[in-house]
2 protein chains.
Amino acid sequence: MEKMENRCPVETTLSLINGKWKLLILKELSQGPVRYNQLKESIPAISTKVLTQQLREMESDGMIIREVFPEIPPHVEYSLSEMGVSIFKIFAEIRRWGLEDDKRNNPKCSDCQSCRPYHL
Amino acid sequence: MEKMENRCPVETTLSLINGKWKLLILKELSQGPVRYNQLKESIPAISTKVLTQQLREMESDGMIIREVFPEIPPHVEYSLSEMGVSIFKIFAEIRRWGLEDDKRNNPKCSDCQSCRPYHL
DNA sequence: CTGTATCCTAGCCGATACTG
DNA sequence: CAGTATCGGCTAGGATACAG
C-alpha cells in the first residue's frame, strides 16, 4: 500500500495506520499529550529509530501534533490531532467487530507484548 | 503484525486484510462467486503466486470459501463467507470516513490500477 | 484451467553507537 | 532529553517457468 499512489479511500485510510506500531502510539496518545521518552517507555520493544520514523509519518499525515518547547534539556510533546481522534474512534469500532465475532476465537486483548495497561 | 502472536482484536482484524491485494479480492468477490482466472483478469497486476497465496490465507482465516468442481478442465469458485461479507461492510464504513475527511484531500477513488469498474 | 517451484528485490524493522 | 547515523536481517511480494 504505497502512500501516494493508491486512490482508494480504504487503502489510504489503512495506510495511515499501517506502521507496525502506529495503533499502539495512537492508543498511548489517546490518554493525552506524551513526551518522547514516555512513549519509549510505554512501548519498550520499539527502537528509537522506528519510533521517530513512525511519529514523523503520523505527523505528516496530520494524525498527531508535535510541539517543541524551547528548553534545555529538550522537551517535545506529542498529541492527537482532531483527525487522530476520529481515526482512533474508527478502530474502536473495528475492535468491537473483532470481539463480537466468536467464529474467529479472538482471545480477549489481555497481554499484547507492549500493550498491557489498556486495551485498544 | 504476526497472525498468531498478537492478541489485539484491532490488530487481528487488520491482519485479516493486510495483504496487498486482499481488499481488492474482497471487492471482486462481493459481486458473487468468481473463478480463479476471472480474479486474475480483474486484477491483472497480481502474480499467480501471490493471488493463490492471499486466497489461501483468506480461506484459512474463514473470510472466503473455495469450492472445487471435479471437472476437467479444473473449475474452482471463490466466494465470500458470512464473515467475509461482514468485514467487507466494515471497510465500507472506513471508506465513508476516508471520503468525508477533506483535510487529507482524498482523491475520489477513480483509477486504482486494478480497481476501475467498482469502488471499494 | 488452476495452480507450484524458483529465484530475486525492495523496504520495513531492529540493534547499536553517537550527538546537540 | 530527544533524537541521528549505520549496518544489517527478514519477509512480503514480483517475474518467470513449469505441471496436473
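A quick note: this is a predicted structure, and the numbers were derived from the prediction, not measured. Any value given below was found using the heavy atoms of this structure, including those in side chains, with hydrogens, waters and symmetry copies removed. Per chain, numbering begins at 1; letters A, B, ... match sequence-line order.
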Is B/Asn18 close to B/Lys22 at the side-chain level, that is, under 4.5 Å between some pair of heavy atoms?
no
CZ on B/Arg66 to OH on B/Tyr36, rounded to 0.5 Å:
10.0 Å
For B/Pro74, side chain to side chain contact (heavy atoms under 4.5 Å, CB included) partners two or more places apart
none
Are A/Val34 and A/Phe69 connected in a single hydrophobic cluster, I mean Ile/Leu/Val/Met/Phe/Trp/Tyr linked by side-chain heavy atoms less than 4.5 Å apart?
no
Distance check needed: C/dT2 C1' versus B/Ile46 CD1, whole Å only.
14 Å
For chain A and DNA chain D, what are the first and last nucleotides along the strand, 5' to 3', with at least one atom under 4.0 angstrom from a heavy atom of the protein chain?
D/dC1 to D/dC7
Check the distance between C/dT2's C1' and B/Ile72's CD1 and give it to me in whole angstrom.
13 Å
Looking at five pairs on each end of the helix from C/dC1-D/dG20 to C/dG20-D/dC1, what is the angle between the two axes, given to 10 degrees?
50°
Rounded distance in Å - CG (B/Leu51) to C1' (C/dC1)
13 Å
Gap between atoms NE2 and P, on B/His75 and C/dG3 respectively (whole Å):
11 Å
So how far is it from B/Leu16 CG to B/Glu11 CD, rounded to the nearest 0.5 Å?
12.0 Å
Rounded to the nearest 0.5 Å, how far apart are CG of B/Leu24 and CD1 of B/Ile43?
4.5 Å
Does B/Arg35 place a side-chain N or O at less than 4.0 Å from the phosphate oxygens OP1/OP2 of C/dC1?
no
Look up atom CZ in B/Phe91 and atom CG in A/Leu14, then write down how far apart they are to the nearest 0.5 Å.
5.5 Å
To the nearest Å, give me how far apart CG (B/Asn37) and P (C/dG3) are.
9 Å
How about A/Ile46 and A/Lys20: do any of their side-chain heavy atoms sit closer than 4.5 Å?
no
Assuming nearest nucleotide by heavy-atom distance, tell me which of A/Thr48 and A/Pro74 is located more 5' along DNA chain D.
A/Pro74
Within the pair A/Lys20 and C/dG14, is there a side-chain N or O less than 4.0 Å away from OP1 or OP2?
yes
When you group the ILVMFWY residues by side-chain heavy-atom contacts below 4.5 Å and let the links chain together, are B/Ile65 and B/Trp21 in the same group?
no
Atom-to-atom span, CD of B/Glu57 to C1' of C/dG3 - whole angstrom:
16 Å
Take the protein atom NZ of B/Lys49 and the nucleotide atom C1' of C/dT6, then report the distance between them rounded to whole Å.
9 Å
Could you tell me whether B/Phe69 contacts a base, only the sugar-phosphate backbone, or nothing, with contacts defined as non-hydrogen atoms closer than 4.0 Å?
nothing
Rounded distance (Å) that lies between atom P of C/dG3 and atom OH of B/Tyr36:
6 Å
Have a look at B/Lys40 and say if it touches a base, only the backbone sugar-phosphate, or nothing, with a 4.0 Å heavy-atom cut-off.
nothing
Kindly say if A/Gln54 contacts the phosphate of C/dC13, meaning a side-chain N or O under 4.0 Å from OP1 or OP2.
yes
